[in-house]
Structure formats: structure tokens, C-alpha cells
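Here's the structure we're looking at; comments come further down.
Numbers here are sequence positions counted from 1.
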Amino acid sequence: MDSRHRGNGSCELMSLNRLLNPKSIAVVGGRSAEEVFRQIAKLDFAGPVYAVNPKREQMVGHDCFDSLSDLPEVPDAVFIGAPADPTIELVAQARTLGCAGAVCLASGFREIGGDGVARQERLIAAADGMPLIGPNCYGVINYMNGAALWPDQHGGGRVDGGVAIITQSGNMAVNFTMQQRGMPLAMLICLGNQANTGIQDCVDAMLDDARIHAIGLHIEGLTDIAAFSEIARKALLAKKPIVALKTGKSEAGAQIAQSHTASLVGADNLFDALFDRLGVARVDDVDEFLETLKFLSVAGPVQGNKIASMSCSGGEASLFADLVEGSSLEFPPIEVAQHRKLFDALGERVSISNPLDYHTYIWGQEDSMCHAFSAMMSGDYDVSFLVYDFPREDRCVLDDWWAGARGFARAAAKSNGIAAILATMGETIDESIAQKLIADGIVPMLGMKQAIVAVEAAHKIGRAQTGLPQLPLIDATSRDGVARNVDEWRATGLLKQSGLSVPEMALVSSVGDAVEKADIIGYPLVMKIVSTEIVHKTDAGGVVLNLKDAASVRKAAEGLLQISDELMIAKMIDGAVAEMIIGVSRDPLFGPYLMIGLGGVTVELIRDRRVLLLPAYADDIRAAILDLKLSPLLTGYRGRPHADVEAIVHAVASVAEFVDAYRDQVVDVEINPLLVRDQGQGAFVADAFMNIIGNLPGDSDE
């Protein structure tokens, strides 16, 4: 039997395939069970369905059996609509019989805390590796085979394939089924408490199902980031697009370490970094979620970001152009040969451009509209939009609109890119129209903003699928113990051992020692206090810059020794053309992560940073640096010198390797600033802070 280890010390989880695609179903319970029978009948499930209730003779026309063991065969899937404690007993029976999985409707488990936590542990033990959907959930609807382990109304119907949606919310799940925008909903899973079956398990079970074209995840929280990253990476390799609607504040948000780096990043940005790493497209609302899934299901990912727009109104053309501005999509200009074709189709009264306002001279003329659309779509576009709102069918005649739609479909059949009809309002393409367009190979899109988000998401996924997926994240473990600060002298020493460049420096504890070491290092110098308690040394008056001779060193040492018993002196780095910040912090879910950005004393004001999850590699680091808003300041903006970007990459990679080597001990690391010189001249640690658990090799005064 196909199974895989849970990774948390519990037993292996059996395959979900029979549970999600059952050939036989048992329904246990009373009122909720009755509704399950109605929903199964509505979808014309072809296999046997058995009723189990010892207190009834019949249920919705089905004879009732006293127990699961009395059934004439072992069912693939069991819906359990019983109270919490009897649910545990029924799960144990199902597991003993060899059922493939169960949906557990009951609440009263982990979601209530207290005794519910222990009750859920007993439920997991009773399942002994048999997949459980729930508890505290509605269950599963497979619209491809009509299996509805579902105790409520829903709005879907039978399909051959399409989108799978996995959600943690019962009400959201019901709402998703009520969409009327033409999105082919193939499977819906409501997970509830995720007792032993989580989001990643459901995704994994769908990767080999060619009928499922895209997977939508409505996420309130993830409990195992490493496991999710492993499965999402498998989905990327399998070219199965994933779209995420991540809502709410994660537990990580409340528990995140209160370090400087953490305060600059925030927990939600870690999810952004996770999704970027795994080629998962994140969207912000339900409309974007459904429109993006529909686009991916009908058209699939796209490799480029070039789009065309055609409309019979300058207002629509202008509005769409305004909305595309600032996105990652582009309107390529009309090519010479394409211009000739468009002029031949539209004449001199039309100003030929992209977006194109083709006016209404050819309205309702299928052949003429096909000619114009074909001319426009002869350009090198990844997606061509026809902005097109159908009138109300109950009050208007749609003949002219269908003539144009047929012309567009004919033009699309001769083009290489994806063709989409874009309604400016959701009301103007209903479900029947959307389904007809899909049958003709056209993607029906509702809303300009939503269409832009959908194509951007499809492009992001397309790029990710052609790249090399990163390794999955490592479990976020940490060593027991109290974290302690490491002063700058020792932190800098550890970073130097890890390959970072540091200025020549020395540790001193007297005025005479300071003068002696200063003469050896050479001027100009900086002098700082060494302290595990005073982190912001400048604010405490613990830093003196630009010491040019022995007299200034003596005076500075006399003052700073009043604050700290130890001082460090270091050669000042001249010729710096940029200051960077490299930060590391630890999150309860994600473990240690990196933050890079423009640094210095204005880092809080600029807040220009990027997040990298570990392990991180040179290509990712370089891309993140060049993705900073102020990255032109590093690459010669308006005659500025080119900063040594490769030295920054090396520094960040060295920090990543250091953290990866001691990932169970490192809590925080901050380098601010990293002084970056001209191209080829290196980057040097000018200030460093570290917070660790236990001791690291080389963490000494030497």
C-alpha cells in the first residue's frame, strides 16, 4: 500500500487516492448523514452507498446497517456524522476493517482547546495512519466521479476535470462551490483541524491526477513549513500550478522574535518568500483566487508577459492601460508588418496601437471582426485580450455580440498565444456564456484587475516551472537553552571565520594597549565599546570615528573605558559606495531566515529589503539584491560608481552558510552596515551583532 512517513514521529499516512476517489461509500449518522445521501444522489455517484445507523431501519431510501462491520463490503470512504467521542470509536472500526479514509464532521476536538486537544490525539491514534479529513469539517466533494462526502448544499456539478480547491474553512468551501464564472471545479476539500491529513498531503495526492489542472489553497495557517515546501516543490516539478489565498495572522506573527530583523520583516513576508521560492502564486482576495485558477485551468501557465488588448471603446482601452501600468505585464508596440494588416482590416479612421480601439465600424460583422482580430493577434503576444461585455440576456439581443465572439475564436485558433475575453464587470459574462467561450478555446475573465493578477500569476508559475526548483526547507528546530548576546568583537570573529571580510582590528582593555595596537593597525581608526548589553552603541556614545593619531586614540580610549572594560579598534574602510544590511532572525514555523537591504542608520526609514529562506544560494541572493527598489544605486545610477555586487553576494552567502551550519543555535545575526566598495574592491563588515544558544566553535576572546 502506498504510504509515506509523517516526519513527526507518528505512523505513516496511507494513500489518499481511495478516499478522494472512492468507488464505494459508507455514511454513518443521523440528520447530517441524510443530507450526505441527498448530495451524493444529486451528483449521480455510480458506486454503492451504505447507510449505518443502529437506531434506524432506513435512511433516505437506503436500508440501514447496525455497524460498519455488517456491511457487505469494505467501503473505500466513510462519512462519520456522529458526536466527538463516538467518532473516535467509529474511526477505529473503519481502520480495523481496512477502509481507505474517513471524513469526521464532529467538533469538540483541538479547536476548543483543553480536553479537545487530548481527544484529537486519541482520534489520531485510532486512525493509525488511515487518512482523516477533519475533524470539525464538511469533507470532500469529487465532482469528477460524483462522490460527495458532504453534509450541506453546494453549487457545483459534474465535470471531467479542472480545478481542485483545498480550504480550512467550511463556509468558504460552500461559497467556492457557488461561483458562476465558468471555473471548472473538479474537487473541493474542507480540512478543518487537519488531525493527520494536512494541506500538503492533499496536494501530494493530486499531483499524478491529469484531470486536475490547477490547485487552489485557501490557507489560514500552515503547521509544517518544511513538509509543505517539499510537496510544493514536487508540484512545481510535476508542472501542477498552485495558487494560494493566504489569510489571517499566523501563529508565527504573535511569536516572532522581537529582533531588529524580525521587526523589519514581519511574519507575513515570510509566506511571500516561501511562495516565491516554490513558484506558488499568491493572490489577495476571492475574486483574484477564482479568476487565476480559472485562467490556469483553461489556459495553463504562460512563459512571457507580453499582452495585447482590443476594444471598441477608447475608454476601455485607456482604463486597461492604466491598470496594467505598474504591473509586470507589457504592451509591446505594433510591428510594421502587423500595422499593415491592421490598416488593411480597419482603414485610416482607426489609430493603430496596442491597446487597440478598433471602433464600431465592423461591429456585428463576424468576418470583418475576425480579420481585425487576426491582424492584431499576429503580433508576438503571450495573451491577447478582447475587452467585451455581453448585454443582459433577459432584456437584450446578443446576436451581434456572439458574432464578434465567434470571430475572436476563429482568430484565436490561428494565433500562437492565449486568447481571453475580458468583461469589465462580473455581471456581463454569466456561467452559460463562460462555458460556451471555454468550449471555443477562449478564457472568460471577469474584471480588469483580476485578469492582470491572473496573467501575472500564470507568468510567475511559468517562469518557475522552467527554472531549477530550490531544495525544500529544513525543519525549524532549535536547541534548548537561553539565548545570549555575542558582542561585536566575538561576532565579527565568527563571521570572519565563515568567509566574510572584516577590517584589521584589535581588542584592547587599557589606554596604553589601545595606542600600541593603533600604531600597528594604522590610521584612520574607529573605536567602539565591547558589550553584550549595549546593542546600539552609537546611541550610548560608545563609538568614536576617524581617529587619526595617537593623541586622539588616547582621548577616545579614556572616555570609552568609562562605559566598557573592553574596547575594539578597527581600521576605517574608505571608499564605500553603499551600505547594506544583512539580518538573520528565527521564526517558530520557518526557522532561521535572511533579510537583505540597503543599510545604515536610515534602514528603518527606507525599509527596502528582501527576505530569503534557507538554504539560500548565490543566484537567489543576487536576484534578491537586484530586486531591491534602490538597487540602481548599486549598479551605476546616474553616473554613480558600480558597487561590488558580487562581494555582497559572497557576504550574504557566507552568512547563509554560517546559519545553516548552526541553524539550531542561531537566533539573530545582524550586520549593519556592510560597507561596499567599488566593483572588485570588496565588502566589509563594519558592525555586527549576534544572539545564539550555547557556544559556537571560535566563540572566544582569541
Side-chain angles (χ1 to χ4, degrees), residues 7-9 223-227 229 251-252 254-265 267 270 471-502 505-507 509 528-537 542 564-568 581-596 611-616 651-672 674 685-702:
N8 58 2
T223 57
D224 191 337
I225 298 295
S229 73
E251 293 180 9
Q255 300 176 21
I256 196 166
Q258 294 302 305
S259 70
H260 191 213
T261 294
S263 65
L264 284 171
V265 173
L270 298 180
L471 293 175
L473 303 182
I474 302 172
D475 285 320
T477 56
S478 61
R479 180 181 295 181
D480 292 334
V482 178
R484 64 181 182 86
N485 291 342
V486 178
D487 62 54
E488 183 182 354
W489 169 257
R490 292 158 184 83
T492 303
L494 289 168
L495 295 172
K496 181 179 180 181
Q497 291 177 20
S498 300
L500 282 91
S501 298
V502 303
M505 58 183 61
L507 182 69
S509 56
K528 308 178 185 181
I529 59 174
V530 174
S531 172
T532 59
E533 303 299 325
I534 303 175
V535 177
H536 300 292
K537 296 181 288 293
S564 172
D565 293 334
E566 290 184 315
L567 309 176
M568 60 179 289
I581 181 173
I582 306 173
V584 176
S585 194
R586 175 178 289 276
D587 178 84
L589 287 177
F590 290 84
Y593 61 88
L594 281 167
M595 182 271 291
I596 58 176
V611 178
L612 288 167
L613 303 179
L614 298 175
V652 177
S654 297
V655 173
E657 291 173 6
F658 168 76
V659 175
D660 208 32
Y662 304 106
R663 60 180 302 113
D664 60 339
Q665 291 179 260
V666 173
V667 178
D668 293 305
V669 177
E670 187 171 298
I671 299 171
N672 185 27
L674 179 78
V685 177
D687 198 352
F689 166 81
M690 200 175 289
N691 186 264
I692 62 171
I693 299 171
N695 295 308
L696 302 181
D699 176 17
S700 68
D701 292 348
E702 299 301 322

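Put simply, the side chain of Ile692 does not reach to within 4.5 Å of the side chain of Tyr662, judged on heavy atoms. Taking the side chain as every heavy atom from C-beta outward, Val666 and Pro592 never approach each other to under 4.5 Å. Counting heavy atoms from C-beta on, the side chains of Asn485 and Arg490 never come closer than 4.5 Å. When side chains are defined from C-beta on, Glu566 counts as touching Leu507, because their heavy atoms get closer than 4.5 Å. Val669 places a side-chain heavy atom less than 4.5 Å from the side chain of Phe658. Between Ile225 and Leu270, the closest side-chain pair of non-hydrogen atoms is not below 4.5 Å.
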Quiz prompt | Trace of the side-chain hydrogen bond (donor to acceptor under 3.5 Å, both in side chains) decision for Ser531 with Asp487 | solution = CA-CA 5 Å; Ser531 172; Asp487 62 54; over 6 Å; no
Exercise. Could you go through the side chain to side chain contact (heavy atoms under 4.5 Å, CB included) check for Ile529 and Leu567 one step at a time?
Key: CA-CA 5 Å; Ile529 59 174; Leu567 309 176; 4.1 Å; yes
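The two atoms that bring Ala688 and Leu495 nearest to each other are CB-CD1, 3.8 Å, heavy atoms only. The two residues Asp587 and Leu589 have their closest heavy-atom pair at OD2-N, 2.8 Å. Of all non-hydrogen atoms in Met568 and Val530, the two that sit nearest each other are N-CG2, 3.6 Å. What you find for Val685 and Leu674 is that their closest heavy atoms are N-CD1, 3.8 Å. Here the closest non-hydrogen pair linking Ala227 and Asp224 is N-OD1, 3.0 Å. When all heavy atoms of Ala616 and Ala656 are compared, the closest pair comes out as O-CB, 4.3 Å.
Between the Arg484 side chain and the Asn691 main chain, no donor and acceptor come within less than 3.5 Å of each other. With hydrogens and angles disregarded, no donor-acceptor distance shorter than 3.5 Å links the side chain of Glu670 to the backbone of Gly583.
Between the CE atom in Met690 and the CG atom in Leu696 there is a gap of 7.0 Å [rounded to 0.5 Å]. In this structure, CD1 on Ile693 lies 8.0 Å from CG on Asp664, to the nearest 0.5 angstrom. Expressed to the nearest 0.5 Å, how far CG of Leu594 lies from CG of Leu614 amounts to 5.0 Å. Rounding to the nearest 0.5 Å places CZ of Phe689 at 12.5 Å from OG1 of Thr492. Taken to the nearest 0.5 Å, the CD1 atom of Ile671 stands 12.0 Å off from the CD1 atom of Ile596.
Considering only residues two or more places apart in sequence or on other chains, Ser501 meets the side-chain contact (heavy atoms from CB on, under 4.5 Å) condition with Phe684.
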